[in-house]
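The analysis underlying the following values was restricted to heavy atoms, covering all of them including side chains, and did not include hydrogens, waters or symmetry mates.
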Amino acid sequence: MINNYSSTAQLKDLMTTPPMTAAQHAEIMRKRNEQRRKIEDAREAREAEQERYGEPR
């Protein structure tokens, strides 16, 4: 199981930090989507290559 509560930030720091702007959020989401697309493209390329050469999965 993944532990999602491994942040080392103090509660006071989390509560007093201003929220991110819409532009910051958009940039983070763009980067996340770009990374996901690269992973998906690599996975599809690997599967296509395996099918082309008849290698088992």
Side-chain angles (χ1 to χ4, degrees):
M1 178 180 276
I2 297 173
N3 183 2
N4 292 329
Y5 300 104
S6 61
S7 175
T8 58
Q10 296 296 318
L11 181 59
K12 181 180 179 184
D13 295 336
L14 294 174
M15 299 303 290
T16 58
T17 303
M20 72 174 75
T21 64
Q24 289 172 321
H25 182 264
E27 182 63 27
I28 290 170
M29 294 307 292
R30 272 193 292 275
K31 287 181 182 179
R32 188 178 295 170
N33 289 339
E34 181 180 330
Q35 289 173 339
R36 188 184 73 239
R37 271 191 228 106
K38 286 180 182 179
I39 292 170
E40 289 173 353
D41 290 345
R43 185 178 296 131
E44 289 173 1
R46 183 187 68 206
E47 289 175 358
E49 186 173 328
Q50 288 175 344
E51 288 175 5
R52 184 177 330 142
Y53 295 111
E55 296 177 10
R57 289 183 128 191

Under 3.5 Å, sequence neighbours excluded: what are the donor-acceptor pairs made by side chains of residues 36-46?
from: R36; atom 1: NH1; to: N33; atom 2: OD1; distance (Å): 3.0
from: K38; atom 1: NZ; to: E34; atom 2: OE2; distance (Å): 3.4

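Sorted by first then second residue, the salt bridge (charged side-chain N to carboxylate O under 4.0 Å, His left out) pairs that include residues 13-29, not counting sequence neighbours, are E27-R30.
Annotation: salt bridge (charged side-chain N to carboxylate O under 4.0 Å, His left out) contacts of K12 (sequence neighbours excluded): none. The side chain to side chain contact (heavy atoms under 4.5 Å, CB included) search around T21 returns A23, Q24, not counting sequence neighbours.
Applying the under-4.5 Å side-chain rule to Ile, Leu, Val, Met, Phe, Trp and Tyr, the cluster around L11 extends to M15.
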